[in-house]
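Encoded as C-alpha cells, the structure appears first; notes follow it.
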Amino acid sequence: SAAVGRPVRVGTLSWQLGARIYIASEGGDVANAPGFGAAPLAKWTSLRMGVALRPLFDGRALIDHIDIDGLELNLLRNAQGANNWTLTPVPDAAPDAAPIAVSIGEVTLKNGDVHYHDAPSGKTWRLTQLALRAQPPNLPPTVPHGLRTKAQEPRRFAIDARQCIG
C-alpha cells in the first residue's frame with residue numbers, strides 16, 4: 001500500500017519457496033484516488049509471479065514473470081483534469097534502508113478490461129478481452145510480444161512503447 005500510496009487488498013495469498021519464490025494472489029484490488037468514487041482503480045482475478053531467491057540477498061529483486069488474469073482498470077480524468085492513475089508513494093518510513101533494485105522479466109495479461117472516462121471531453125471508451133505479453137527490450141526475446149483486444153467501437157490505434165520503456 002505504501003509503495004503506491006493507496007490501500008491495496010490482496011485476496012487469498014499463497015507462496016512456494018525454492019530457487020524461486022512463487023507468489024500467487026487469488027483476487028485483489030488497488031483503491032481509487034479520493035474523489036474518484038468507490039470503484040477500485042484496479043482489480044484482478046489472479047496474479048502470479050516468480051522471484052529469484054539468490055538476488056534478494058544482494059538487495060536485488062529479479063521478478064522473472066508476472067501473470068495477471070482478469071485485470072480490470074478503471075481510468076478516470078475529472079473535470080479539473082486530474083486523473084486517478086497517478087500513484088504517489090508514501091515517503092519511506094525507513095530512510096536509512098538500502099533501496100532494492102527491481103527487474104521485471106515477462107509480463108502476461110489475459111482477460112483484461114480497461115474502462116476510460118475523460119470528463120472534460122465527455123468521451124468514454126472501453127477495451128475488453130485484452131491480452132498482452134511483453135518483455136523489456138534488454139532481455140533475450142524468448143517469447144513474442146503481442147497485444148490483442150476488442151474495442152467498444154471499431155477503432156484503429158497504434159501503441160508505441162519505445163518512449164515508455166527505458
Side-chain angles (χ1 to χ4, degrees), residues 1-33 36 38-76 83-116 126-150 159-166:
S1 291
V4 296
R6 313 248 181 103
V8 176
R9 292 183 315 173
V10 177
T12 304
L13 190 64
S14 60
W15 59 277
Q16 181 180 5
L17 185 59
R20 298 219 173 306
I21 302 169
Y22 293 97
I23 303 167
S25 165
E26 298 304 321
D29 63 55
V30 177
N32 218 335
F36 284 93
L41 165 66
K43 69 179 184 175
W44 59 90
T45 303
S46 73
L47 186 146
R48 301 179 194 301
M49 67 177 74
V51 181
L53 182 60
R54 185 173 297 272
L56 291 174
F57 295 110
D58 298 325
R60 297 179 299 127
L62 174 56
I63 302 170
D64 57 9
H65 71 275
I66 299 174
D67 300 323
I68 307 167
D69 188 8
L71 178 66
E72 294 180 26
L73 289 177
N74 185 30
L75 305 176
L76 306 169
N83 68 61
N84 70 335
W85 63 83
T86 300
L87 302 174
T88 308
V90 174
D92 194 359
D96 296 333
I100 295 178
V102 178
S103 298
I104 299 175
E106 181 182 272
V107 176
T108 303
L109 169 66
K110 62 182 181 178
N111 301 314
D113 186 11
V114 179
H115 175 260
Y116 175 76
R126 182 179 205 122
L127 297 174
T128 61
Q129 300 177 15
L130 186 63
L132 168 74
R133 179 178 287 164
Q135 271 185 312
N138 60 342
L139 295 178
T142 58
V143 295
H145 308 1
L147 173 69
R148 287 181 293 123
T149 188
K150 286 190 177 179
I159 297 175
D160 184 354
R162 291 176 291 185
Q163 301 302 318
C164 302
I165 302 173

Worksheet item: For Pro55, which residues count as a side chain to side chain contact (heavy atoms under 4.5 Å, CB included) partner, sequence neighbours excluded?
Response: Ala52, Arg60, Leu62
Item to complete: Output all residues satisfying side chain to side chain contact (heavy atoms under 4.5 Å, CB included) with Ile63, sequence neighbours left out; order by chain, then residue number.
Response: Met49, Val51, Ile66, Val102, Ile104
Worksheet, complete the sentence: d(Asn32 CG, Lys43 NZ) to nearest 0.5 Å is 12.5 Å
Practice prompt. Hey, could you give me the OH/CG distance between Tyr116 and Leu127, rounded to the nearest 0.5 Å?
Written response: 12.5 Å
Discussion item. Under a 3.5 Å distance rule, please check whether Thr108 uses its side chain to pair with a backbone N or O of Arg133 as donor and acceptor.
Written reply: no
Worksheet item: Do Asn84 side-chain atoms and Leu76 backbone N/O form a donor-acceptor pair below 3.5 Å?
Response: yes
Worksheet item: Are side-chain heavy atoms of Pro40 and Val30 found at a separation under 4.5 Å?
Response: no
For a quick test of your reading: what N or O donor-acceptor pairs under 3.5 Å do the side chains of residues 68-75 make, sequence neighbours left out?
residue : atom : partner : partner atom : Å
Asp69   : OD1  : Asn111  : ND2          : 2.7
Asn74   : OD1  : His115  : ND1          : 3.3

Item to complete: Work out which heavy atom in Thr86 is nearest to a heavy atom in Arg6; give both atom names and the distance.
Response: O-NH2, 3.2 Å
Discussion item. Please list all pairs meeting side chain to side chain donor-acceptor pair (under 3.5 Å) that have one or both residues in residues 10-26, counting only residues at least two apart or in different chains.
Written reply: Arg20-Asp64, Ser25-Trp44, Glu26-Arg48
